[in-house]
Colleague: 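Just passing along the structure, written as structure tokens.
Positions are given from 1 along the sequence. Values below: every heavy atom of this structure, side chains too, minus hydrogens, waters and symmetry copies.
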Amino acid sequence: YRPVTKTIFQKCVAPFVAVMPDKFRPEAYLPSSRSLAFGKGMAWYPEELNYCEDLVFARKLKKTGKMAVEPKALVYWQIPASLGEFFTQVKNYAAGDVRAVYWPHLFRITTVFGRYLVFLALPGLFLIYLLWPLIKHFRYVRHWQGLVYLPLLQLTADAAVMTGSVFGIISRE
């Protein structure tokens with residue numbers, strides 16, 4: 001992906017929702033619908049899912065050995081412009097991961113809940129945790145506003161993941 005960012009806020013959001021160029025590994029890449037082309041007759045595309053359907057499909061396709069990744073192909077992707085848009089996007093992704101029972105992401109979702117249980121027992125770790133998004137993502141922003149936005153986005157993403165996963169569980173029943 002090539003994130004389209006017009007504001008510092010969007011530059012801060014980009015590493016939370018897009019694969020950044022320095023993180024791209026063709027051998028492990030599973031494309032989302034926005035960067036996936038396929039012909040007719042791809043029967044394993046799970047049309048009953050609204051989110052995570054592309055990862056389920058790409059995973060099945062990759063297992064067949066019929067998927068090719070073209071690292072030079074670029075898809076420009078508009079990044080959420082507000083905190084509300086970001087929350088909704090991450091919430092929907094988490095709900096989709098739960099509905100699809102997509103194990104790689106379910107593990108990550110579990111760790112989000114787990115870290116907040118740890119914070120209840122060791123609240124001092126929460127303050128250290130607020131530094132994590134700065135260490136991980138500031139290099140993509142390199143602007144003083146990132147010092148505020150990145151921790152805020154991490155907390156928002158965590159809340160969205162927890163909310164979305166609960167909605168995903170409820171909607172599976």
Side-chain angles (χ1 to χ4, degrees), residues 1 3 5 8-35 46 48-60 62-63 77 79-141 145-173:
Y1 311 114
T5 60
I8 298 300
F9 177 79
Q10 288 177 309
K11 282 185 178 192
C12 291
V13 169
F16 284 91
V17 296
V19 177
M20 300 306 282
D22 64 320
K23 299 288 185 187
F24 179 73
R25 293 185 356 256
E27 69 281 355
Y29 182 64
L30 289 176
S32 70
S33 291
R34 72 184 65 81
S35 62
E48 72 279 3
L49 296 172
N50 291 329
Y51 296 92
C52 198
E53 77 289 351
D54 46 8
L55 292 179
V56 170
F57 173 75
R59 196 171 192 195
K60 287 180 182 177
K62 191 170 203 158
K63 283 182 183 177
W77 184 27
I79 297 300
S82 72
L83 199 59
E85 287 177 21
F86 173 69
F87 179 90
T88 300
Q89 184 176 30
V90 174
K91 175 185 69 78
N92 290 340
Y93 288 169
D97 292 339
V98 169
R99 285 187 200 118
V101 191
Y102 189 68
W103 286 106
H105 290 181
L106 290 179
F107 177 75
R108 287 188 204 159
I109 289 169
T110 303
T111 65
V112 173
F113 282 97
R115 72 180 64 133
Y116 283 89
L117 289 175
V118 170
F119 296 153
L120 287 173
L122 302 164
L125 286 179
F126 180 74
L127 295 174
I128 295 169
Y129 177 64
L130 294 177
L131 296 175
W132 176 241
L134 297 173
I135 294 165
K136 192 165 69 169
H137 300 312
F138 191 78
R139 68 176 168 254
Y140 302 117
V141 182
Q145 288 177 334
L147 299 172
V148 175
Y149 285 143
L150 291 169
L152 175 63
L153 288 165
Q154 183 67 59
L155 297 177
T156 302
D158 291 349
V161 164
M162 291 188 282
T163 302
S165 61
V166 170
F167 281 130
I169 291 166
I170 292 168
S171 68
R172 282 186 56 89
E173 296 175 355

Colleague: Between atom CD1 of I135 and atom CG of L150, what is the distance when rounded to the nearest 0.5 Å?
Modeller: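 Here the interatomic distance stands at 11.5 Å.
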
Colleague: Applying side-chain contact (heavy atoms from CB on, under 4.5 Å), run through D158 and V161 and close with a yes or a no.
Modeller: CA-CA 5 Å; D158 291 349; V161 164; 5.8 Å; no

Colleague: Say you draw a straight line from CG of L117 to CG of L122; how long is it, rounded to the nearest 0.5 Å?
Modeller: 11.5 Å

Colleague: Just so I know, are the side chains of R139 and D22 near enough to count as touching, which here means a heavy-atom distance under 4.5 Å?
Modeller: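 Side-chain contact under 4.5 Å: yes.
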
Colleague: Okay, side chain of Q10, backbone of I79: is any donor-acceptor separation there less than 3.5 Å?
Modeller: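 At least one qualifying donor-acceptor pair exists.
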
Colleague: Could you go through the side-chain contact (heavy atoms from CB on, under 4.5 Å) check for F113 and M162 one step at a time?
Modeller: CA-CA 7 Å; F113 282 97; M162 291 188 282; 3.6 Å; yes

Colleague: Where do I109 and A94 come nearest, in terms of heavy atoms and distance?
Modeller: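 Where I109 meets A94 most closely, the heavy atoms are CD1-O, 4.0 Å.
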
Colleague: What distance separates L153 CG from F86 CZ, expressed to the nearest 0.5 Å?
Modeller: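 Here the rounded value is 5.0 Å.
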
Colleague: Output the distance between atom CG (N92) and atom CZ (R99), rounded to the nearest 0.5 Å.
Modeller: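 That separation rounds to 7.5 Å.
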
Colleague: Inspect the contact between R108 and D97 and indicate whether a charged nitrogen and a carboxylate oxygen are less than 4.0 angstrom apart.
Modeller: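 No.
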
Colleague: Do P15 and Y140 touch side chain to side chain, with heavy atoms closer than 4.5 Å?
Modeller: yes

Colleague: If I take atom CG from residue L83 and atom SG from residue C12, how far apart are they, to the nearest 0.5 angstrom?
Modeller: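 SG of C12 is found 11.5 Å from CG of L83.
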
Colleague: Check the pair Q154, K136 against side-chain contact (heavy atoms from CB on, under 4.5 Å), reporting the backbone distance first and the verdict last.
Modeller: CA-CA 11 Å; Q154 183 67 59; K136 192 165 69 169; 4.1 Å; yes

Colleague: Parallel, tilted or perpendicular: which describes the rings of F126 and Y129, with under 30° parallel and over 60° perpendicular?
Modeller: tilted

Colleague: Return the minimal non-hydrogen interatomic distance between P151 and L130, and the atom names on each side.
Modeller: CG-O, 3.6 Å

Colleague: Identify the heavy atoms of V98 and G168 that sit nearest to each other, and give their distance.
Modeller: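 The pair with the smallest heavy-atom distance is CG1-C, 3.5 Å.
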
Colleague: Which atom pair, heavy atoms only, marks the closest approach of F87 to A159?
Modeller: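 Nearest heavy atoms, F87 then A159: CE1-C, 3.8 Å.
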
Colleague: Is a donor on one side and an acceptor on the other found under 3.5 Å between the side chain of E85 and the backbone of A81?
Modeller: yes

Colleague: Quick one: closest heavy-atom pair of Y116 and L155, and the distance?
Modeller: OH-CD2, 3.4 Å

Colleague: Between F167 and K91, is a side-chain contact (heavy atoms from CB on, under 4.5 Å) present by the stated rule, with each step listed?
Modeller: CA-CA 9 Å; F167 281 130; K91 175 185 69 78; 4.1 Å; yes

Colleague: For a quick test of reading the model, state the closest non-hydrogen atom pair linking F16 to A157 and the distance between them.
Modeller: CD2-CB, 4.4 Å

Colleague: Measure the spacing between CE of M20 and NE2 of H137 and express it to the nearest 0.5 Å.
Modeller: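 It is 9.0 Å, given to the nearest 0.5 Å.
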
